[in-house]
Amino acid sequence: MSVIVSSLEQRIRADNLKESPLSTQEYFVNMGPQHPSTHGVLRMVVKLDGETVREVIPVLGYIHRGIEKMGESFGYRQFVHMTDRIDYLSALINNWAVSMTVEKAAKIELNDRIQIIRTIMAELQRIQSHQLWWGVFGMDMGAFTPFLYGFRDREIITDIFEETIGARLTMNYIQPGGLMFDIHPNFQKRVKDFLKYFKPKLEEYETLLSGNVILQERVRNVGIMDAKTAISIGATGPVLRASGVKHDLRKLDPYGVYDKVDFDVPVGRIGDCWDRYWVRIEEIKQSMRIVEQLIDNIPEGKTMLMKPAVKIKLPEGTYYSQVETPRGVLGVFVVSDGKDKPYRIHLRTPNFNNIWSITEMSSNWRLGDLVAMLSSLDVVVPDIDR
Amino acid sequence: MDNQSLIAAVTAAANNIKLREKADRAAIEVPAEGLLALMQKLRDDAQFSFDMLCDHTVIDWLAEGTFEFVYQLYSMTHQHYLMVLTRVSRDNPTVPSVSSLWKIAEWQERECYDMFGALYDGHKDLRRLFLEDDWKGFPLRKDYKDDFMLERPQ
Amino acid sequence: MNWEIKTVAMFASEALREGYLGAAGYIILGVVAIAGFLAVLGMVLIYAERKVAGHFQCRLGPMRVGWHGVLQTVADTIKLFLKEDIVPFQADKVLHILAPLFTLLGTLLVLAVVPFSPGMQVADVNIGVVYVTAVGGFGVLGILLGGWSSNNKWSLVGAMRAGAQIISYEVSATLALLVVVLFSGSLKLSDIILSQEQGWWIWRAPVVGLVGFVIFFIASTAEINRTPFDLPEGESELTAGFHTEYSGMRFAFFFLAEFINMFIISAIAATLYLGGWMPFHIGGLDGFNAVMDLLPPGAWFAGKTSFLIFVLMWFRWTFPRLRVDQLMRLEWKILLPIGFVNLIAAAFMVMFGWYYGN
Amino acid sequence: MEIKFKTLVAPEIKRGCLMGNMFNALGSLWKGMKITIYYLTHPSTVVTQQYPENRETLKMMDRFRAQLTMAHDENGHHTCTACGICDQNCPNGSINVVDRKNPITGKKELDRYIWRMDSCTFCNICVQVCPFGTLEMKGNFEASVYDRRLFVYTLNKYAGPDQKNLLKIENLDDRKKQMESRDIFGGPVPLSGQSIAGLEAGVFDQLRKTEEAATNG
């Protein structure tokens, strides 16, 4: 058996030699790593025919930091803070994923207080992430104002986090065995104020951007991905649900207190950019419903069930558990050899799979549509590269 | 299908399958030769219909001199998981590629090539995913060393 | 009321009878006035845009330099002039340097015929409307050259977009201009304004005036590459389009031209449809007209133009951007047919005299 | 297997006639413009904060994590016993606890508590694991300096026994003798002459010497 290993140079050169059926000349441009709409350092080599996109070749690794390698020299508690940095917009949910894996492996039963606070925090984080996405989506469509409106409202949730957790982005709050702090006395009041404030604002979002005829023209029937392709690519989260697949881990494999709260799962119709947009907007509403149901029912109890200074040792074996982040399924795969550090820790990140759908859906659309599609996937680049 | 009946069904479907102990979900070990055929069956057979390759990675067992390839399969129709593991020698870490079955496998396998130097037979476009094409070595191997690596003082 | 039109060109030609020196003096005065006006107007507009954008977005805009940041644009201009002028590797150097000047020249020449008030106009050409369209189209040359000479594929895409867009939308804009030309029966801008003494064309010509105005405004917005038609710049798609590779002073020229263009199309739209410096008159109501005349004509012009500029800014900070094929569809399938029908309707109305004040 | 949970399906948007579409389109644009003009005409909705001007009124949340500090009580005593648990638990080696033998009693005590802000990720684990409550995170976020070497802090104000052991000593003068003062930028950092990983020893001294030589001619 011999396996041939190629390189990016060969990939691009081989394509260039192909004869186009038309007499126009196709050319390659580098979109990224420094480009306003690739949200960080994603690089895509785009084969263009005039304005028409023929092929997209994502080139990754511009923010690869080797978190999995670093994880092999961290203890489990120390590793949690690294997950803040893979998908910084869902830091708390990432924390939860690692904590959940460790708790399941170490067989720790959590009390209701911890579970409910975690769920509230996760849903606030989901709203926050979608707010930012909404703003950025508007900006990618050429409207700069939604960006600032999104950030303005996101700031309120960030302040709520800051008050309880003490950090705004990289929080390291949900830890194996519980929570780093108990909630701040003002927490419940602030969250309720936020919900009251944000409901009319969400309607404003819908009028400003969703209802706008230009946006509708830009996103409807653009970048259609059918359910079969989406599953084969392993897309998860809103991207998969927009394609019409009813898959939500909060319902299928409930963790936290998701089995005790009432919420619906928005599902798209055909899987175009509009469906992905609509699913996210609708998810904000559902998340607000979840928070509303839980915020008054936080029971009393301890918030940390393990001694923080004691090193966690997991029994030998493999452990895998998943959570639903705003962008899809985050899986944490831990191989333990019985020591206090994982033998191998692997993160199945949602964006790694989601980003590849751009290669499936983008051909024969215009350059502007490529931006719309990329934005509708809600990519966070560090999450791809890890 | 629950874990018990799933494992029973998979074991009945092909031979040479060992049950993996010490795993928190249904897991089987198969030899590398029969991997592609088994995967094909797992995807297409209506009672399994694993239409999503959730995750693929490699574990480097340095002491035993083997690479363990991990495939996490998920079925959208039945909502069950299966972990398929296969071991090959570290000296020639070649397994058949499953990129013809699941699209995402193409890139997951590229990542594993990039990080471990695992080779996939039948992969159309095997090249580095994260690192540059002329990078020396495979960073996630346990014996990887380079000049600028910082090691934590113990 | 009797309006007397005085222009710098007239003074110059009168002075020419006595000697060359006086005429030259008037010409220099005209040039200096336009250049000074250009610089000041550019700064004011940029400041206004930033302030307005800020408040649209729940921000404050510039607040640091001077009182509420009024000197911000001055500081920015100084910074831009001090910056290094970079010509990219393997770029077509001569064209790269010339391109921004072309763009600026186009806008500069149009300013010469803009009637600010009866006594304030540099030249009153008898083919004013044709002159405006012809010279205004000159700017696209600079954009195309700039994009081409930058040796950057993104710039080239932006320049090509700009070329296609500006040339397409020029058709609609010109058709809409012709409506007013039909009604007023003249191409001279001052005559067009005087013809609106009994009322502005936007309401005196029922429906066609309004439709013509809307078409002209949309098409001109596209011509000056402002959101929602900012595809040539397309920040999120092409980073900055044709001026990606420009820095320092040359970038400032492009930037300045963009803002002056905004002023020009607002001024032309105001002149043609909203009566330019002509106060709001209703034919027959002399008492009302006399009250309206209390405000000087220059103020009327400034008010109308700034309102239209504000609307342009309002568009920019509200709307997303169109896609390139939708842009073409809007022009060739929607605006152009409507423009044609509108022009024919206007022709009939002029023929049968179906408009107010006739 | 049927799907058990409730789902919402994206609504279909109906297409009307040509003229209707056009007016709907213009209407949708107008609705958006109404929102932006609302914010323009209501300056009270501005959310910008003028940062250096509002320094007096700007208050960070009390749990805000921006700087690691060591609590000293009113007598200037800290509670650190140099046990090194924080050092072990720090994920990125930002903490270095240097201990020494007390010259009089021979007991282990804290010499320098070194915290490298430049590599700290503010994960708060050190505060969490400290058995004596010595460490705390403070909200002083204005930490920018012109030289990155100034990010290496010595947190304790004196080298010597902790609060509990100091209070055993009755005589105030004897207490003072046990406490050897430590400044914030001293210790095994390049500023004072010992090397740490990645930075040569005594860079600061050398710089100062060359500067002095230059000024003296």
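In what follows, chains are A, B, ... by sequence order, proteins preceding strands, each numbered from 1.
- Tyr38(D) does not touch chain A: none of its heavy atoms, backbone or side chain, sits under 4.5 Å away.
- In this structure, chain D has a heavy atom under 4.5 Å from the side chain of Tyr149(A), while its backbone stays farther away.
- Around NZ of Lys157(D), the count of heavy atoms belonging to other residues, nucleotides or ligands within 6.0 Å does not exceed 12.
- One finds the OG1 atom of Thr207(A) at 4.0 Å from the CD1 atom of Ile35(D) (value rounded to the nearest 0.5 Å).
- Sparse packing is recorded around CD of Gln49(D), with 12 or fewer heavy atoms of other residues, nucleotides or ligands lying under 6.0 Å away.
- Counted within 6.0 Å of NZ on Lys201(A), heavy atoms from surrounding residues, nucleotides or ligands total more than 12; the atom is thus considered enclosed.
- Interface residue Asp275(A): only side-chain heavy atoms are found under 4.5 Å from chain D.
- Under the 3.5 Å distance criterion, the side-chain polar atoms of Ser28(D) are matched with a main-chain donor or acceptor of Val213(A).
- Here the straight-line distance linking atom CZ of Arg168(A) with atom CZ of Phe64(D) works out to 6.5 Å at 0.5 Å rounding.
- With chain A as partner, the option from Lys31(D), Lys34(D), Gln128(D) having the largest number of non-hydrogen pairs under 4.5 angstrom is Gln128(D).
- A donor-acceptor contact shorter than 3.5 Å links the side chain of Arg65(D) to the backbone of Met171(A).
- Taken from OG1 in Thr121(D) to CD in Gln78(A), the straight-line distance is 10.0 Å, to the nearest 0.5 Å.
- For chain D, no part of Asp84(A) is nearby; none of its heavy atoms comes within less than 4.5 Å.
- The choice from Ala66(D), Gly32(D), Cys123(D) that makes the most heavy-atom pairs within less than 4.5 Å of chain A is Cys123(D).
- To the nearest 0.5 angstrom, Arg152(A) atom CZ is 11.0 Å from Thr48(D) atom OG1.
- For chain D, no part of Lys307(A) is nearby; none of its heavy atoms comes within less than 4.5 Å.
- At a threshold of 4.5 Å between non-hydrogen side-chain atoms, the residues Gln175(A) and Asn124(D) do not count as touching.
- Looking at Arg241(A), neither its backbone nor its side chain comes within 4.5 Å of chain D, counting heavy atoms on both sides.
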| query | After noting the C-alpha distance and the side-chain angles of Leu148(A) and Val47(D), does the key distance pass the side-chain contact (heavy atoms from CB on, under 4.5 Å) rule? | reply | CA-CA 10 Å; Leu148(A) 289 155; Val47(D) 291; over 6 Å; no
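- With a 4.5 Å cut-off on non-hydrogen atoms, Met304(A) touches chain D through its side chain but not through its backbone.
- The minimum heavy-atom distance linking Thr164(A) with Arg63(D) is given by the pair O-NH1, 2.6 Å.
- For Ser119(D), the side chain to side chain donor-acceptor pair (under 3.5 Å) partners are Ser94(D), not counting sequence neighbours.
- Looking at His184(A), the atoms closer than 4.5 Å to chain D (heavy atoms on both sides) sit in the backbone and in the side chain alike.
- Within the model, atoms CZ of Phe161(A) and CE of Met61(D) stand 12.5 Å from one another, a figure rounded to the nearest 0.5 Å.
- Inspection of non-hydrogen atoms places Glu282(A), Gln286(A) of residues 280-287 of chain A under 4.5 Å from chain D.
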